[in-house]
Amino acid sequence: MLPDLFRLRKMLWLLLFGLTSQAPAAEYPKFFETHCLECHDGSIKKGNLDLSAIKLDLNHSGNFERWVRIYDRIESGEMPPQKKSRPPQAELQKVLDSLRAELVAAERTRLAGEVRTGVRRLTRAEYENTIRDLFDMPGIALQGLLPADGSAHGFDKNADALDISHVNLAKYIEAADHALDYAIATRPTPPKVTKRRISLANRGGFVAHVIMNGDGVLLKNKQPDPDFPPAGDYAHIDQGAHERIGSFSTGSTVGLFRHEDESLSPYFMEHVTIYPARYRVRTSLWSFHWDKGKVLPSRGTEAARLSVVQLTGDGRGGQHPSYVLGYFDAPSMDAKEHELTVWLNHNEIIGFNTASLAPVANYSRKGRAMAFTGPGIAVDWLDVEGPLFDQWPPLSHRQLFGDLPLVEFKQADRKGIRPPERKTVRQIGAGLNRPDPLQGIWTVESAEPMGDANRLLAAFLPKAFRRPVSEMVRKQYLVKVSERLQAGDCFENAMRWAYRAALCSPDFLYHVEPTVKLDDHALACRLSYFLWNSLPDELLRQLADSGKLQQPAVLKQQVERMLSSSKSQRFVDDFLGQWLKLRSIAANDADRKLYPEFNPYLQDSMVAETRGYFRELIERNLDSRHLIRSDFVMINQKLATHYGIPGVVGSQIRRVALPEGCPRGGFLTQASILKITANGTTTSPVPRGAFVLARLLGREPDPPPPNIPAVEPDVRGATTIREQLSKHRSEASCASCHAKLDPPGFALESFDVIGGYRDRYRSIGDGDPAPRGLIDPFIRISFKLGSKVDSSGELADGRKFRDVREFQQLIADNPRPLLENLGRQFVIYSTGRNVNFGDRTELDTLVTRTENAGGGIRTLLHEIVQSVLFRTR
Amino acid sequence: MSRVLNRRTFLRGTGVCLGLPLLDAMKPAFSAEKTSPIPRRMVAIETNMGILPQYFFPEKPGRGYKLSPYLERLSQFREQFTVFSGTSHPGVTGAHAAEKCFLTGTPHPERGGFRNGISLDQFAAEQLGNRTRYPSLVLAMTNENQTLSYTRSGAPISAERSPKKVFQKLFVQGNPDVVAANVEAIRQGRSMLDFVGEQSRQLNRTLSKADQRRMEEYLTAVRDLEQRLESAESWEHKPKPKVSANPPEDIEDPKEFVRRTRLMFDVIKLALETDSTRFISLFVDTVVIHNITHHGNRPEVLDELRGHEERQFDALGEFLKVLSGTREEGQTLLDRTMVLYGTCMGSANSHSNVNLPVLLAGGGFKHGQHLAYDTTNNYPLTNLFVSMLQRLGIEADSFSTGKGTMRGLEMV
């Protein structure tokens, strides 16, 4: 029975196909004539669309896109527009079905013989993570060397975004050399582990300098250090002399009032890394209130920032490039110890900042520290212990040379052999740590070079290339090793040649997926580059080797394992960085006059919130409504103050239940999103609306017509942006798009450019004096309050909302499009290709399955991994 | 462990290069590239403590403007330079911190954790530097470790401060061991590229048609890099040009500011003339006169400062004169060399970083005008960098914060 039906359907399908040029075509012209040509004919041509003349020539990709748009508009009910009569459902369905069939068929023809995911190289982040994981060097810096990647369909993981030129290749060679320099052990025993306790007021440093001038003090037993009076009417002089007599080496605590700025870079200079490795860093922090010489309990827990600073040039001066390690609590009058393990490269040091303090400067004020009343953060010490290796030689070396012994290279015994090159990296800056001297040149020795080379390459190449490597290819590398050995290279150099070549070969640099239905190894890669942004680990490799990975239960288990690993943080960061454009968080500066309370701590906290929230959605398998609305937020004290939520203490992100009536909750109202969609000075509903439509609802708006002038925002506060955009409503040709685009933006007018809630606009010119609210007392406020904010609006379908909360309600009530869009974004990200027209059915199916299982985001991830879209190119 | 190659044979094989070298060096290494066959150069100079705006900026815009007192020192060349006003690097603030962003345009150098971007000269050198022995020359007149040039990852490139050492580097033959080591390293690189190119062809055979087209890019990159290495290797074998000038003796006294500038310009001219490099950056640190750049508008201080700055412009004028007096195939060296001269502070007295005094001479543009942009809402100076890159033949439509070419500046 069934096979007959199948054959019948197939026949009907062929019939349909055979009549392609006529019968289905007969469906739509009649439909258009009845329902569409009133506006979309040759003379009126609304929206520049003439449906009387359009041909179903779908081989042309431009025309294909047009027809997809027509299909979408009809399917979503957008067209015919509300005010016109709605066509009967049966008729609609017939036209849609026939159009869909045409589009799918045409797409299939166009893509016949082609794979949908084009072969592509690793992105910068993927490259760096791959090397980091392959060699267990979690902090080696490689991304900065490589030229920037492009973007296609919102992500860099796409062949169209990733071109390659000689510049890339030259950089890959440089990066490979750098990685091998770090990975290869050059001594028989590890460098001696040292533990050094250093002060923030190090020799020749900025902090000692500012202490001399009253922007910091030395403390002992939580009181001003009796041996070093705080700068008062007079500053201390002769920093050099003070250092020589050891004023800053007494082990006293440094209390700092001043925030970093262009003249102050607080660095823990006395440890300048010599050996790239992991180091254990410990510090003891507390905060206090300083009142003209008295140390008192502070206003609460403050937050200090630790960063890794990369010294450049000769290591002197400030403002070297750096990245943030994290924020750490400094409780009032109660020293808290913090410990972290961090990878440090050559010439990297730890940097510090009084992150939660407002900028103050005492050096130019009369009475300096003795006239100052305000908060301070105290650093008792910083311990740096390392380099730490859990084995020697380390894993990085073993990946290349296994267990071969390290032996001293004596030229006299090795006539005609060139010793390995040993580069000395000069320690710059003013570190007190010294290298652990080594006599002689040490390198791996092989009693049986070709045998060892074969063995080592057989182990390394499949790991680096992420799939089995044929004997033929391995032999090609072996031939090169042999040539190098015969040319007089030592074993290390000969092997290094092969390793460098491997790291520059397309097998390493590209994602190679040999079959349309992904084999086990390609699937393992897709999984690991999705959830870890890096190569598969040992367990994934084994599962792939043993052919078990394709089993649904195994896949599910692996996804669970990978999400629980700390490496999944890379997925969170990389995905959100692009989907919600978090990479652009610093693209605009908040205007200093209008938003004086903005600072880097707030900005970093914003990003941490969005990441933490996404992580929570995955951990708790929450549904897609939470993209728009939720009853909790993931915040720290800084954000709590910013949002006006009481009772949150400390710099760490944690889950906080939302107080009644609070408009926060969901990505929609997070400060990061609100900042990214504004320009630092003013907000505009249009970019915000476009962001909500495109990024959250999956309905990319059409670009504006050409020659529309930009709107000049009015910072004097005379007119609101809503008034300036009135044309969007009054002109019909504008309204067609802006009726959809503006409403989310109007709802979000309740939030300013840094994501703070507002009832009234801030202005620089006219207005009423602004109350300080929760803004730090040390920050000078000069902005005024201008016109009232009106965040009401009307959706395109006519439903009205009075404020952002009602807007959230309306959108969150329809979770399907949110879930579908997120699914689409995950698919684009993880498969490296756009979701084609023909893919929609499969996407639809997996989203429905997710819905049926509760609609949670974690479920969605599982469904995607199990789907055909993920398992095929 | 002998590395002596047939260097002597090579030397005998090539001709001796005299002081009129350009015909040799001019031949493009490979015709596949889209750049013009005319060698084009760039010298970018920043003087870091500002230039008094009241003596620099002309009053009227356009052509035929009345020369300002400083530009008067360059009057001979008024048709060969363009002066700009109302321009600066968007977002580059922080007073002195901005001096490291003059050629990069990366915003906010004063912020903690700032990471610079690639400088204009290095970007050009990445694309075109392989045509000369030295892809670029990074120079400075300073006692601190300052430089105008930054790598892609934001690392400063150490500048050479001694004209004598620059001369040696350009014209005195290298240590044979060092040359041999360089040649060996390049050979290893070429051999590796050969190998990975073959790997890619092998891989390609297993791919679909569209994928093969994509993988072609990799192969093209390999070939391009191979050619660059080949040309780098041949440079190692070529003897350095012989010049009739004497090696300079460095002037130690930092106060002999203008004489030191002249010496540096002499060496730069020699470098350009012998086509040893086509991209030069020069950081001029005027810290010796720093105190008086905070003139507070006191007339006697202003006068002293004006005197110093006029002499700086005299030195620049002499440099332009020397360039315009050197001929190359029917044009002058100035016609083919863009000379960018400016500062990172619009008013050193107030430490403002807007309305930067900048001029561009030579290089093949329609000069002779004062391009006056908006002094309240500055026009991006990085757009000038886009124009300069395009003049070099590089297909760039953006650079740093510059998203288009400099409005009003045309190439000839």
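In what follows, every chain begins at residue 1, and chains take the letters A, B, ... in the order their sequences are listed.
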Colleague: Given heavy-atom pairs under 4.5 angstrom as the criterion, report whether the side chain, backbone, both or neither of Q202(B) touches chain A.
Modeller: side chain
Colleague: State, with a plain yes or no, whether a side-chain heavy atom of V167(A) is found less than 4.5 Å away from one of R152(B).
Modeller: yes
Colleague: Out of curiosity, Y218(B) OH to R121(A) CZ, how far, rounded to the nearest 0.5 Å?
Modeller: 12.0 Å
Colleague: So which part of Y477(A) gets closer than 4.5 Å to some heavy atom of chain B, the side chain, the backbone, both or neither?
Modeller: both
Colleague: For a quick test of reading the model, state the closest non-hydrogen atom pair linking P506(A) to V196(B) and the distance between them.
Modeller: CD-O, 4.0 Å
Colleague: Of the backbone (N, CA, C, O) and the side chain (C-beta and beyond), which part of K480(A) lies under 4.5 Å from a heavy atom of chain B, both, or neither?
Modeller: side chain
Colleague: Measure the spacing between CD1 of I173(A) and CD of Q188(B) and express it to the nearest 0.5 Å.
Modeller: 12.0 Å
Colleague: Decide whether Q310(A) and R115(B) meet the rule of one side-chain donor and one side-chain acceptor closer than 3.5 Å.
Modeller: yes
Colleague: Say you draw a straight line from CD of E513(A) to CG of L207(B); how long is it, rounded to the nearest 0.5 Å?
Modeller: 11.0 Å
Colleague: Which heavy atom in H166(A) sits nearest to a heavy atom in D224(B), and how many Å separate them?
Modeller: CB-CB, 3.7 Å
Colleague: With chain B, which of A586(A), S505(A), G351(A) has the greatest number of heavy-atom pairs at distances under 4.5 Å?
Modeller: S505(A)
Colleague: How many angstroms lie between CG in D163(A) and CZ in R214(B), if you round to the nearest 0.5 Å?
Modeller: 12.5 Å
Colleague: By a 4.5 Å heavy-atom criterion (distance strictly below it), what part of R873(A) contacts chain B: side chain, backbone, both, or neither?
Modeller: side chain
Colleague: What part of I157(B) lies closer than 4.5 angstrom to a heavy atom of chain A: side chain, backbone, both or neither?
Modeller: neither
Colleague: I'd like to check the side chain to side chain donor-acceptor pair (under 3.5 Å) partners of T220(B); sequence neighbours left out, ordered by chain and number.
Modeller: none
Colleague: Tell me, do L193(B) and L169(A) make a side-chain contact under 4.5 Å, heavy atoms counted?
Modeller: yes
Colleague: So does G118(A) get a backbone contact from the side chain of D211(B), meaning a donor-acceptor N/O pair under 3.5 Å?
Modeller: no
Colleague: To the nearest 0.5 Å, what is the distance between CD (Q319(A)) and CG (N116(B))?
Modeller: 11.5 Å
Colleague: Which heavy atom in A170(A) sits nearest to a heavy atom in L225(B), and how many Å separate them?
Modeller: N-CD2, 3.7 Å
Colleague: Under 4.5 Å from any heavy atom of chain A, what part of S191(B) do you find: side chain, backbone, both or neither?
Modeller: both
Colleague: How many angstroms lie between atom CD of E217(B) and atom CG of N168(A), to the nearest 0.5 angstrom?
Modeller: 9.0 Å
Colleague: Quick check: do M215(B) and Y510(A) have side-chain heavy atoms less than 4.5 Å from each other?
Modeller: yes
Colleague: Go through the atoms of P109(B) and report whether side chain, backbone, both or neither lie under 4.5 Å from a heavy atom of chain A.
Modeller: backbone
Colleague: Looking only at heavy atoms, what is the nearest atom pair of Q199(B) and V473(A), with distance?
Modeller: OE1-CG1, 3.7 Å
Colleague: Where on L264(A) is there a heavy atom nearer than 4.5 Å to chain B: the side chain, the backbone, both, or neither?
Modeller: neither
Colleague: Which heavy atom of A221(B) sits nearest to which heavy atom of S165(A), and what is that distance?
Modeller: CB-C, 3.5 Å
Colleague: Need one label for P600(A): side chain, backbone, both or neither, based on atoms under 4.5 Å from any heavy atom in chain B.
Modeller: neither
Colleague: Taking side chain as everything from C-beta outward and backbone as N, CA, C, O, which of these in V512(A) sits under 4.5 Å from a heavy atom of chain B? Side chain, backbone, both or neither.
Modeller: side chain
Colleague: How about F114(B) and H320(A): do any of their side-chain heavy atoms sit closer than 4.5 Å?
Modeller: no
Colleague: Can you say whether R484(A) sits under 4.5 Å from chain B via the side chain, the backbone, both, or neither, judging by heavy atoms?
Modeller: side chain
